[in-house]
Visitor: 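What follows is a structure written as structure tokens; I'll ask about it next.
Not measured: the values here are computed from a predicted model.
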Amino acid sequence: LLEEEKSILDDRKANAAKIKTEVEAWINTIPMRMQRIIKWKIFDGLTWLEVACKLGQKATENSVKKEFERFLKNN
């Protein structure tokens with residue numbers, strides 16, 4: 001049983017590595033602004049307000065969230 005569990009864990013690790021590579025490749029194809037939004041929101045765990053502040057310009061918490069939602073819906 002222990003060897004079988006190790007095999008399952010190895011398969012899951014390999015699958016996770018494959019998904020990570022695919023996500024990294026996909027992120028490199030999208031606009032830089034959206035890359036930043038995804039990085040800050042998803043990977044860094046910032047709030048929408050914090051993401052908006054980092055973007056600067058006239059970005060607001062709601063505008064950034066809507067931009068993100070529209071992007072995901074269309075991609």
Side-chain angles (χ1 to χ4, degrees):
L1 187 60
L2 189 57
E3 194 60 37
E4 182 179 331
E5 290 172 347
K6 184 180 181 314
S7 176
I8 291 170
L9 183 58
D10 288 344
D11 289 347
R12 288 184 179 170
K13 285 181 180 177
N15 191 43
K18 179 182 174 220
I19 291 169
K20 180 179 183 268
T21 300
E22 290 170 355
V23 168
E24 288 170 343
W26 173 76
I27 284 180
N28 288 331
T29 69
I30 64 176
M32 185 58 71
R33 178 180 171 91
M34 190 54 58
Q35 287 182 36
R36 289 185 184 112
I37 291 171
I38 290 170
K39 177 192 180 305
W40 293 331
K41 180 63 184 161
I42 306 299
F43 297 110
D44 296 347
L46 300 184
T47 66
W48 287 117
L49 180 59
E50 291 169 326
V51 173
C53 289
K54 284 182 80 81
L55 284 173
Q57 301 163 356
K58 294 181 181 177
T60 67
E61 178 178 4
N62 287 334
S63 70
V64 174
K65 182 177 178 182
K66 289 293 180 190
E67 181 180 350
F68 174 78
E69 289 171 349
R70 275 191 307 272
F71 178 80
L72 289 184
K73 182 180 176 187
N74 295 322
N75 292 284

Visitor: Quick one: NZ on Lys13 to CG on Leu9, what's the gap to the nearest 0.5 Å?
Guide: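 Atom-to-atom, Lys13:NZ and Leu9:CG are 4.5 Å apart.
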Visitor: With distance as the sole test, does Gln35 use its side chain to make a donor-acceptor pair with the main-chain N or O of Ile30 at under 3.5 Å?
Guide: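 Indeed, once roles are kept as given, a pair shorter than 3.5 Å links the two residues.
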Visitor: So, for Leu55 and Arg33, which heavy atoms are closest and what is the spacing to 0.1 Å?
Guide: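 It is CD1-NH2, 3.8 Å.
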Visitor: Are more than 12 heavy atoms from other residues, nucleotides or ligands located less than 6.0 Å from atom NZ of Lys41?
Guide: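 Yes - once you tally the heavy atoms of other residues, nucleotides and ligands closer than 6.0 Å, there are more than 12.
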Visitor: For a side-chain contact (heavy atoms from CB on, under 4.5 Å) check, start with the C-alpha distance between Ile8 and Glu4, then their side-chain angles and the critical distance, and finish with the verdict.
Guide: CA-CA 6 Å; Ile8 291 170; Glu4 182 179 331; 4.3 Å; yes
Visitor: List the steps, then state whether side-chain contact (heavy atoms from CB on, under 4.5 Å) holds for Phe68 with Ile38.
Guide: CA-CA 8 Å; Phe68 174 78; Ile38 290 170; 3.9 Å; yes
Visitor: To the nearest 0.5 Å, tell me how far Ile19 CD1 sits from Arg12 CZ.
Guide: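 That separation rounds to 12.0 Å.
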Visitor: Considering only Ile, Leu, Val, Met, Phe, Trp and Tyr, and joining two whenever side-chain heavy atoms are under 4.5 Å apart, list the other residues clustered with Met32.
Guide: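 Result for Met32 is none, singleton.
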Visitor: Are there over 12 heavy-atom neighbours, none belonging to Glu3, within less than 6.0 Å of that residue's CD?
Guide: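 No, the 6.0 Å shell around CD holds no more than 12 heavy atoms from other groups.
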Visitor: Can you tell me how far apart CD (Glu67) and OG1 (Thr60) are? Round to the nearest 0.5 Å.
Guide: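 Separation between the atoms: 10.0 Å.
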Visitor: Any carboxylate oxygen within less than 4.0 angstrom of a Lys/Arg side-chain nitrogen, looking at Lys73 and Glu69?
Guide: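 Result for this pair is no, no salt bridge flagged.
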Visitor: Any chance you could measure Asp11, atom CG, to Lys6, atom NZ, to the nearest 0.5 Å?
Guide: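 Going from the CG atom of Asp11 to the NZ atom of Lys6 covers 10.5 Å.
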Visitor: For Glu50 and Lys54: C-alpha separation, side-chain torsions, deciding distance, then whether salt bridge (charged side-chain N to carboxylate O under 4.0 Å, His left out) applies.
Guide: CA-CA 6 Å; Glu50 291 169 326; Lys54 284 182 80 81; over 6 Å; no
Visitor: Give a yes or no on whether Leu49 and Val51 share a hydrophobic cluster (residues Ile, Leu, Val, Met, Phe, Trp, Tyr; joining criterion: side-chain heavy atoms under 4.5 Å apart).
Guide: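 Different clusters: Leu49 never reaches Val51 through Ile, Leu, Val, Met, Phe, Trp or Tyr contacts under 4.5 Å.
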Visitor: Check step by step if salt bridge (charged side-chain N to carboxylate O under 4.0 Å, His left out) holds for Glu61 and Lys65.
Guide: CA-CA 6 Å; Glu61 178 178 4; Lys65 182 177 178 182; over 6 Å; no
